[in-house]
Amino acid sequence: MSHTPPPAPLERWLTGPRFAALPARDGGHKAPELSFEFFPPRTEVLDQQLWHCIRRLEPLAPRFVSVTYGAGGSTQARTHATVSRIVRETTLAPAAHLTCVNATRDEIDAVARAYWQVGVRHIVALRGDVPGGGGYVPRPGGYAYAADLVAGLKHIANFEISVAAYPEVHPTALSPEADLDNLKRKLDAGASRAITNYFFDAETYLRFLDRCLAAGITAPIVPGIMPVSNFAQAMKFSASCGISVPGWLGYLFEGLEEDHDTRRMVAAVVAAEQVRVLQASGIDEFHFYTLNRPDLVYAIAHILGVRPGPVVPATTIA
Ligand SMILES: Cc1cc2nc3c(=O)[nH]c(=O)nc-3n(C[C@H](O)[C@H](O)[C@H](O)COP(=O)(O)OP(=O)(O)OC[C@H]3O[C@@H](n4cnc5c(N)ncnc54)[C@H](O)[C@@H]3O)c2cc1C
């Protein structure tokens, strides 16, 4: 591997304290770096919700914000429009998700070039899934897997590239080892960071980090955090992507089906507890799946010690 020296979070995981108290203003704690994921909206109303979310989280000065990419042509156009507007109208650094599904290399390369032209410098490179489910078959003349896409993007321009990682192993991987080999291929092809799928037990992520380190992976493996307030929906979605939902989570939401306010409070406690355990284990970078709703994420960021700074209007930036 060419990633030396090891980045700070991993070094701290190996050498630092295993547990730390809540961050105190005078405790010398550095606030963690955050990033936020949004999805491109389908309607005008949802678009307003997204922009409310972006504006609310912008003062937290995330390292980057990412926008997901769907398989259909209209979702892709919405991703492009949202990312371009973030470049034009905010102080945020956007990362555009890009997938291999249903497109030729030429088509994907053209999208990447268009991103570079409007000032996008960061891509989250993914294989993607077949719309409506079903087995994935690489398209002739396309990029077969995310590692191929990473290599292709690096030929187009010197993008910063993030890729996906799976603490509970990707559902179609031949084995946990094969999945780690794949992650290594993506990093070796030019990605500089992996973002994990969400998980509920901090232990799941920390053990995955141990396995990455043992496999010689030293690039940052940023935990993906999904604050969950709708347990039934989370169960359904998690089942479809091979994420285990621990019994304790179900117990915490038991009897709250009709009690939206309490569910949100429980959600904040659960996610805050999760990030606090990770922070106490030396993790100082977090990626939040916002679902275009800012309040839970804002509260959890606050608990982590991230406070708003002044937002400099985009037009005044040189
Ligand atoms: C942070 C994050 C963001 C995401 N954003 C989006 C999004 O915006 N849009 C979207 O559609 N989906 C998104 N996804 C979902 C993702 O597209 C799916 O999980 C998809 O099934 C795998 O994508 P990948 O990039 O991990 O694929 P890959 O890294 O290519 O791996 C996919 C599977 O193929 C296997 N594999 C890899 N190379 C080979 C090979 N040469 N031969 C055989 N098997 C191989 C791997 O082990 C793995 O099981 C996201 C996932 C994450 C974690």
Side-chain angles (χ1 to χ4, degrees), residues 35-40 42 66-72 75-76 79 95-102 123-138 143-147 149-150 162-183 185-186 191 193-209 211-212 221-250 252-253 267 270-271 274-275 278 286-293 296-297:
S35 53
F36 303 130
E37 181 183 293
F38 307 120
F39 64 87
R42 281 171 197 276
S66 76
V67 183
T68 62
Y69 194 71
T75 16
Q76 294 172 358
T79 302
H97 291 215
L98 199 53
T99 69
C100 308
V101 170
N102 278 348
I123 302 275
V124 181
L126 303 141
R127 187 200 74 181
D129 286 318
V130 180
Y136 174 81
V137 181
Y143 291 110
Y145 291 99
L149 176 58
V150 173
S162 299
V163 290
Y166 301 88
E168 298 188 72
V169 183
H170 186 269
T172 65
L174 292 178
S175 67
E177 294 70 32
D179 212 30
L180 269 191
D181 285 345
N182 179 49
L183 177 56
R185 276 198 298 277
K186 296 194 275 193
R193 154 194 315 99
I195 301 169
T196 76
N197 215 345
Y198 70 91
F199 53 89
F200 292 111
D201 274 319
E203 176 95 3
T204 303
Y205 165 81
L206 294 172
R207 290 206 180 282
F208 176 64
L209 202 56
R211 291 203 297 114
C212 288
I221 310 290
V222 181
I225 308 294
M226 172 92 89
V228 163
S229 60
N230 186 333
F231 181 70
Q233 210 174 57
M235 281 283 280
K236 216 163 130 188
F237 188 67
S238 303
S240 72
C241 48
I243 290 171
S244 25
V245 180
W248 57 258
L249 192 63
L252 287 178
F253 283 100
V270 169
Q274 186 188 33
V275 293
L278 295 176
F286 297 88
H287 183 77
F288 284 95
Y289 296 105
T290 70
L291 303 180
N292 294 1
R293 291 195 208 104
L296 277 175
V297 173

Worksheet item: Can you name the closest pair of heavy atoms from Cys212 and Leu183 and give their distance?
Response: SG-CD2, 4.1 Å
Practice prompt. Would you mind reporting whether Leu291 and Met226 have side-chain heavy atoms less than 4.5 Å apart?
Written response: yes
Practice prompt. Check step by step if side-chain contact (heavy atoms from CB on, under 4.5 Å) holds for Tyr136 and Val101.
Written response: CA-CA 8 Å; Tyr136 174 81; Val101 170; 3.9 Å; yes
Worksheet item: Which residue pairs satisfy the salt bridge (charged side-chain N to carboxylate O under 4.0 Å, His left out) criterion with at least one member in residues 126-135, sequence neighbours excluded?
Response: Arg127-Asp129
Discussion item. If the condition is side-chain contact (heavy atoms from CB on, under 4.5 Å), which residues does Ala95 pass it with, not counting sequence neighbours?
Written reply: Phe64, Ser66, His122, Val124
Practice prompt. Starting at OG of Ser35, measure out to CZ of Arg193 and round the result to the nearest 0.5 Å.
Written response: 7.0 Å
Discussion item. Is any side-chain heavy atom of Val150 closer than 4.5 Å to one of Val163?
Written reply: yes
Discussion item. Can a donor-acceptor pair be found, under 3.5 Å and without considering hydrogens, that links the side chain of Glu37 to the backbone of His287?
Written reply: no
Practice prompt. Look up atom CG in Leu126 and atom CG in Leu98, then write down how far apart they are to the nearest 0.5 Å.
Written response: 8.0 Å
Discussion item. How long is the straight-line distance from OH of Tyr145 back to NZ of Lys186, given to the nearest 0.5 Å?
Written reply: 12.0 Å
Worksheet item: How about Thr79 and Phe39: do any of their side-chain heavy atoms sit closer than 4.5 Å?
Response: no
Item to complete: Applying side-chain contact (heavy atoms from CB on, under 4.5 Å), name anything that partners Tyr166, two or more places apart in sequence or on another chain.
Response: Ala164, His170, Asp179, Asn197
Discussion item. Please find the pair of heavy atoms, one from Gln76 and one from Gly70, that lie closest to each other, and give the distance.
Written reply: NE2-O, 3.1 Å
Worksheet item: At their closest point, which heavy atom of Thr196 faces which heavy atom of Gly224, and how far apart are they?
Response: OG1-N, 2.9 Å
Discussion item. Are Val270 and Leu249 packed together at the side-chain level, in the sense that at least one heavy-atom pair is separated by less than 4.5 angstrom?
Written reply: yes
Could you list the donor-acceptor pairs under 3.5 angstrom formed by side chains in residues 199-206, with sequence neighbours left out?
from: Asp201; atom 1: OD1; to: Trp248; atom 2: NE1; distance (Å): 3.1
from: Glu203; atom 1: OE2; to: Arg207; atom 2: NE; distance (Å): 2.9
from: Glu203; atom 1: OE2; to: Arg207; atom 2: NH2; distance (Å): 2.7
from: Thr204; atom 1: OG1; to: Asp201; atom 2: O; distance (Å): 3.3
from: Tyr205; atom 1: OH; to: Ile221; atom 2: O; distance (Å): 2.6

Practice prompt. State, to 0.1 Å, how close Ala146 and Ala125 come at their nearest heavy-atom pair, and which atoms those are.
Written response: CB-O, 3.9 Å
Practice prompt. With sequence neighbours left out, write down each residue that passes side-chain contact (heavy atoms from CB on, under 4.5 Å) with Ala144, or none if nothing qualifies.
Written response: Pro138, Asp148
Worksheet item: Hey, are the side chains of Pro223 and Leu209 touching, using non-hydrogen atoms and a 4.5 Å cut-off?
Response: no
Worksheet item: What do the steps show when you test His97 against Thr68 for side-chain hydrogen bond (donor to acceptor under 3.5 Å, both in side chains), and what is the final call?
Response: CA-CA 5 Å; His97 291 215; Thr68 62; 5.5 Å; no
Worksheet, complete the sentence: Closest non-hydrogen contact found for Pro227 with Tyr289 is CD-O, 3.6 Å
Worksheet item: According to the side-chain hydrogen bond (donor to acceptor under 3.5 Å, both in side chains) rule, which pairs have a member within residues 232-247, sequence neighbours left out?
Response: Glu168-Ser244, Tyr198-Ser238
Worksheet item: Under 4.5 Å between any side-chain heavy atoms of Ile225 and Val275, yes or no?
Response: yes
Practice prompt. List in chain and number order the residues that pass side-chain contact (heavy atoms from CB on, under 4.5 Å) with Arg211, two or more places apart in sequence or in another chain; answer none if no residue qualifies.
Written response: Val169, Pro176, Leu180, Phe208
Discussion item. Side chains of Tyr69 and Thr75, heavy atoms from C-beta outward: is any pair under 4.5 Å?
Written reply: no
